[in-house]
There are 2 protein chains.
Amino acid sequence: MARSRRPTLADIARRTGFSVPTVSMALNDKPGSRIADSTAKLIKEAAAELGYVADATARSLRTGRTATIGFISDEVTVTRFAAGMLRGLLETAEQRDHSVMIAEVDHHPERIARALGILRSHRVDGLVLGMMTGREIALPAPEGAEARIVLNGISEGWPAVGPDEFPAGQAAVRHLLERGHRRIALIGRHPERALPSVSTNIPVRLDGIDDATAEAGLRFTAEHHGDVWEPELGFRGAHAVLDAAPDTTAILAVNDRVAFGVLQAAAERGLCVPADLSLISFDDEELATMVRPQLTTLRLPYREMGEVGAGMLLDAVTSGAALPAERTLLPLELIERDTVQTI
Amino acid sequence: MARSRRPTLADIARRTGFSVPTVSMALNDKPGSRIADSTAKLIKEAAAELGYVADATARSLRTGRTATIGFISDEVTVTRFAAGMLRGLLETAEQRDHSVMIAEVDHHPERIARALGILRSHRVDGLVLGMMTGREIALPAPEGAEARIVLNGISEGWPAVGPDEFPAGQAAVRHLLERGHRRIALIGRHPERALPSVSTNIPVRLDGIDDATAEAGLRFTAEHHGDVWEPELGFRGAHAVLDAAPDTTAILAVNDRVAFGVLQAAAERGLCVPADLSLISFDDEELATMVRPQLTTLRLPYREMGEVGAGMLLDAVTSGAALPAERTLLPLELIERDTVQTI
DNA sequence: ATGAAAGCGCTAACAG
DNA sequence: CTGTTAGCGCTTTCAT
């Protein structure tokens, strides 16, 4: 039953007796052009009857704009953080009447170049590169003139949006301090300071942590290093740290997964969290609310990165203004749940 | 420095002295048309020098095909399962030289209709609707002639791909049976059989479970009902079930999150999994490998749904053949980890 | 083996 | 207020 050909402006024009441009104007009702209200109504009715939907490819060819932004991710669609970033992006894009074309890449530069080329061939109005881990990355020289932005990571020549890690690190320490903790252990510092190509975010987070402890004239009771931030590290780290400094009252874990491991170790030692041991971490992934007690943690603003990134990009696209050269930093919010207790 | 205008076929034509159609032919090197190898080479070199990328909007306008498929999800981008489905889709699409345009919707039919309209205006060659939960849903009558498919869910008039729940339910029971368990408890059956608009998958899974137990002449030692499949249910369920039937040797949990709760309850009771209590569940979400012991579970084929769905869709798009009217069912794989022990 | 002409569906510029 | 003309960049006849 499907009409073999979809209706075009010409169909509506024929049906109503007006010309094609008139139909076009009426349907787009721009403020400037004055089409008689009566004809506009007629035309719209006809369009609705025919089930007309404008052909975006034709429109784009003519206007040079596609109302589409491209999203490339280095595996972000495959991780627990993808959701927020993509969702923020999609929502903002949709609110501002833009569609999103998505391409997945791995870490290989040639794959990224390929994805960039494909998106460019589709004439996207702007490009968003979302990175799962905050790393520095070498991107192909931005040849086209499209607006572009990188989320979470850093790349030479690309405007960027990322999490504001330094104050977050401070906040975590201060939260513990304010609740009376003076004997704090840290789990998850890199064995050596990470290269920017490996991580740009966590080292800054640790700088913030160190800054706040130094300011309070404090040293950690113990530290357990590591750079594979999975539960295993927290599990072993908690045992190590608690063996070394049994009077520790609070543990600062570099992320939620590590904190999860800490929780298991604490249970094994017969320690009750938070009565016997407080715990604070970073990320606020779904896991944080699945465990009991639920984790007090600093939420990484993935969703906001998507929203703000898309917003800035679309501002630039719309106004033609340049994107800020400075990296835009978004705060991590402290989510107080059940793992920190005042002593 | 950016060239204000991107290079077109005409630019290459001017530069090489050939005509625009010749350049087009040479660049697309179709089997049929015979362009001299020498000129093809010349043209390709020129194209590369200019950094030419074909304008997809122009091409689409002319050919009527966009080499793009649309993906709509009812919140799938926001859940733990999104990753696999989206990734399978993206990979298959990319392998077959198609791009993906994505739109996020909630459950409101009018939102879906809107997304459908937008994607249709972009003239996508095919439509994939991915649903997070396997439900039956009423979709706007498919007006356009584009190929379409629904993943995980069911909708009148839409070809579908979904998980093969019945044999998976059987397999879970049989796995326990084969390992000597005869005293099994079940956690997570709906209080009453779910409506298709709520869930089409889990009830079938339970049918499979019931079928295999009946076949073995077995009854569950105890059951704990519920339809909010979160850890809390498993936690309370395990306690209830173990209180009611302390001789239970294995628990069948309706999903991993529930199993996670079971693990916590077992620990609380001083029960060691799997030595004192075996446990099997469904989904294989990331959580399954984060807990210790790691969960033995039946993996939901989200990624495969994406792959197979995209594959079928693209077959239809390419060949013009119709998609199968039958729902295509994909197996759940049993992932043996550490929560089931032979007794 | 290559060129000339036409047209996909739309919008912008200019008449009237 | 509305119609005419033109053209975005590409591919597809049809000539040569």
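Chain letters run A, B, ... following the sequence lines, proteins first, then strands; residues in each count from 1.
B/Ser99 and A/His122 are linked by a side-chain donor-acceptor pair at a separation below 3.5 angstrom, with hydrogens and angles left out of the test.
A straight line from CG of B/Asp11 to P of D/dC8 spans 11 Å, rounded to a whole angstrom. A/Ile43 has its CD1 atom 8 Å from the P atom of D/dT2, to the nearest Å. In this structure, the CD1 atom of A/Ile12 is 15 Å from the C1' atom of C/dT11, given to the nearest Å. Atom CZ of B/Arg59 is separated from atom P of D/dC8 by 18 Å (rounded to the nearest Å). Separating the CG atom of B/Asn28 from the P atom of D/dG9 is a distance of 17 Å, rounded to the nearest angstrom. Distance B/Met25 CE to D/dT11 P: 8 Å, rounded to the nearest Å. When rounded to the nearest whole Å, the span between CG of B/Asp37 and C1' of C/dA1 equals 11 Å. Between the CZ atom of A/Arg123 and the P atom of D/dC8 there is a distance of 12 Å, given to the nearest Å.
Of the listed nucleotides (C/dT11, C/dA4, D/dG9), C/dA4 has the atom at the smallest distance from the side chain of B/Pro21. In this structure, of D/dC10, C/dC10, C/dT2, it is C/dC10 that holds the atom nearest to the side chain of A/Leu9. Closest contact between the side chain of B/Leu61 and the listed nucleotides C/dC10, C/dC8, D/dC10 involves C/dC8. Distance from the side chain of B/Phe18 is smallest for C/dT2 among the nucleotides C/dG9, D/dT11, C/dT2.
Remark: B/Leu151 CG to B/Leu330 CG distance equals 9.0 Å, nearest 0.5 Å.
A residue-by-residue look at A/Asp55 and B/Arg62 shows that B/Arg62 has its nearest nucleotide of DNA chain C further toward the 5' end.
Classification of A/Glu94 and B/Arg111 as a salt-bridged pair holds, one side-chain N sitting under 4.0 Å from a carboxylate O. By the 4.0 Å N-to-carboxylate-O rule, A/Lys44 lies too far from A/Glu49 to be salt-bridged with it.
Residue A/Ser24 is in base contact, counting any heavy-atom pair closer than 4.0 Å across all strands shown. Residue B/Thr57 is classed as having no contact, given no heavy-atom separation below 4.0 Å to the nucleic acid. Using a 4.0 Å heavy-atom distance criterion, A/Thr39 is classed as a sugar-phosphate-only contact.
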TODO: Mind running side-chain contact (heavy atoms from CB on, under 4.5 Å) on B/Phe71 and B/Met85 for me, showing each step along the way?
DONE: CA-CA 10 Å; B/Phe71 180 62; B/Met85 202 150 104; 4.1 Å; yes
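For the pair B/Ser19 and C/dT2, the criterion of a side-chain N or O lying under 4.0 Å from OP1 or OP2 is not met. Neither OP1 nor OP2 of D/dC1 sits under 4.0 Å from any side-chain N or O of A/Thr22.
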